[in-house]
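Letters A, B, ... are given to chains in the order of the sequence lines, protein chains preceding strands, and every chain is numbered from 1.
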Number of protein chains: 2
Amino acid sequence: MKKPLSSPPNTEVIQEISKIFKIISDPTRLSILFLLQYKELSVKNIAASLDMEQSAISHQLQTLKKSRLVKSKREGKSMLYSLDDSHVFSVLEQVLNHIKESEH
Amino acid sequence: MKKPLSSPPNTEVIQEISKIFKIISDPTRLSILFLLQYKELSVKNIAASLDMEQSAISHQLQTLKKSRLVKSKREGKSMLYSLDDSHVFSVLEQVLNHIKESEH
DNA sequence: TTTACATATGAATATATAATCATATGAATG
DNA sequence: CATTCATATGATTATATATTCATATGTAAA
């Protein structure tokens, strides 16, 4: 048994939570986050891994960057992206467990 | 230190996770879930609490029901909705902690 | 300093979906 | 059984956003 959350969040908190979920509710962004779990990768590398266009990946990386979920550093001609917020993965773990538990 | 997830999820799992996040990334749906955390409520009651139209709430409740996040039972003229999946709240807790931790 | 390579970005397009409106369905009550 | 109350639902509208296209920016190498 889990104890319930202390009190219903107000509108602003609801909006914040919504934003976080919205960011990681897109399959492309979610895939990028999983790819970056172990090592930093270039835009080209990510695009190749997901079999998507460079531009699409770059756009999504900007979205993730704005949300502080990834960070980037230049290496020669490439930009290397890496996770900026590993805590997000504890959330993802919860959801994975949730999926497992619902497979009965 | 958390140990990483065992392996990158495949496309189908990514899609599943995305769907879950998408469901709870809408402010209205999220608010409904929080409202239902302690007690079951009628559609009218929820609509009044959120100051929204009955129809909008009803539509969102159907979405939540499809996703097995809420269940309903009839009581007279009313329909009482309640949480069907309390496990989702462990995910929400994680996100709340996440927000708290990022307020430094 | 051209040229090639890697990435970023603005505009346009396509698609998804939240809310609204009008109305249907269903239950209780006179 | 007509009326009222509560909810559901299909269609429409409005809006958000993911992707694509064309092109700009930035870096290294010939």
Side-chain angles (χ1 to χ4, degrees), chain A residues 11 14-36 39-84, chain B residues 11 14-36 39-84:
Chain A
T11 311
I14 290 279
Q15 298 295 335
E16 279 189 90
I17 302 176
S18 297
K19 273 182 205 160
I20 294 177
F21 283 134
K22 195 162 233 174
I23 294 295
I24 55 184
S25 70
D26 176 73
T28 300
R29 286 192 293 265
L30 201 51
S31 299
I32 292 174
L33 291 177
F34 278 117
L35 278 177
L36 295 181
K39 55 176 184 292
E40 56 188 7
L41 293 172
S42 69
V43 178
K44 194 184 181 186
N45 195 325
I46 296 170
S49 298
L50 300 182
D51 191 27
M52 290 181 61
E53 290 202 7
Q54 173 270 324
S55 180
I57 299 301
S58 184
H59 276 296
Q60 295 298 4
L61 283 169
Q62 305 319 308
T63 302
L64 288 167
K65 204 173 173 183
K66 264 188 200 165
S67 312
R68 304 275 179 102
L69 292 175
V70 304
K71 57 182 188 290
S72 64
K73 70 176 181 203
R74 180 168 284 281
E75 194 175 79
K77 281 180 283 190
S78 300
M79 278 294 227
L80 296 184
Y81 280 84
S82 57
L83 292 185
D84 192 20
Chain B
T11 311
I14 290 279
Q15 298 296 333
E16 278 189 88
I17 302 177
S18 298
K19 274 181 204 161
I20 295 178
F21 283 134
K22 196 164 233 174
I23 294 295
I24 55 182
S25 70
D26 176 74
T28 301
R29 287 191 293 265
L30 201 51
S31 299
I32 292 174
L33 292 177
F34 278 116
L35 278 178
L36 295 180
K39 55 176 184 295
E40 56 188 9
L41 295 171
S42 69
V43 179
K44 193 183 181 186
N45 196 324
I46 296 170
S49 297
L50 300 181
D51 191 26
M52 290 181 62
E53 290 201 8
Q54 173 270 323
S55 180
I57 299 301
S58 184
H59 276 297
Q60 296 298 3
L61 283 168
Q62 305 319 307
T63 302
L64 288 167
K65 204 174 174 183
K66 263 189 201 164
S67 312
R68 305 274 179 103
L69 292 175
V70 304
K71 57 182 187 291
S72 65
K73 71 177 182 204
R74 179 168 285 281
E75 195 177 77
K77 282 180 280 191
S78 300
M79 278 295 226
L80 295 184
Y81 281 83
S82 56
L83 291 186
D84 192 19

Rounded to whole Å, please give me the gap between [atom1] in [X] and [atom2] in [N].
| X | N | atom1 | atom2 | value |
| --- | --- | --- | --- | --- |
| B/Met79 | C/dA28 | CE | C1' | 15 Å |
| A/Ile24 | D/dT17 | CD1 | P | 15 Å |
| A/Arg29 | D/dA16 | CZ | P | 15 Å |
| B/Phe21 | D/dA18 | CZ | C1' | 19 Å |
| A/Leu64 | D/dA18 | CG | C1' | 13 Å |
| A/Ile46 | C/dA6 | CD1 | C1' | 13 Å |
| A/Asp26 | C/dT15 | CG | P | 16 Å |
| A/Ile14 | C/dA18 | CD1 | P | 15 Å |

Proximity to the side chain of A/Ser58 - top-ranked nucleotide from C/dA19, C/dT9, D/dT19
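Within the option list, the nearest is C/dT9.
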Classify the side chain of B/Ser78 and the base of D/dC5 as holding, or not holding, a donor-acceptor pair under 3.5 Å.
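Between D/dC5 and B/Ser78, which were checked side chain against base, a qualifying N/O pair under 3.5 Å is absent.
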Ignoring hydrogens and angles, are the base of C/dT17 and the side chain of B/His59 linked by a donor-acceptor pair under 3.5 Å?
no
Keeping the roles fixed (side chain from [X], backbone from [Y]), state whether a donor-acceptor pair exists under 3.5 Å.
| X | Y | result |
| --- | --- | --- |
| A/Ser67 | A/Thr63 | yes |
| B/Ser25 | B/Lys22 | yes |
| B/Gln60 | B/Ala56 | no |
| B/Arg68 | B/Val70 | no |
| B/Arg29 | B/Ser31 | no |
| A/Lys44 | A/Gln54 | no |

Any side-chain N or O of [X] under 4.0 Å from OP1/OP2 of [N]?
| X | N | value |
| --- | --- | --- |
| B/Ser55 | D/dT7 | no |
| B/Lys22 | C/dT17 | yes |
| A/Tyr81 | C/dA6 | no |
| A/Gln54 | C/dA8 | no |
| B/Gln62 | D/dA8 | yes |
| B/Lys65 | D/dA8 | no |

Which atoms of nucleotides 24-30 of chain D (N or O only) lie under 3.5 Å from a protein N or O atom, and what are those distances?
none

Identify the residue among A/Leu64, A/Leu35, A/Leu33 that makes a side chain to side chain contact (heavy atoms under 4.5 Å, CB included) with A/Leu83.
A/Leu33
5'-most contact on DNA chain D: A/Glu53 or B/Lys44, nearest heavy atom basis?
B/Lys44
Rounded at 0.5 Å granularity, tell me how far CD1 in A/Ile46 sits from CE in A/Met79.
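So the CD1 of A/Ile46 and the CE of A/Met79 are separated by 12.0 Å.
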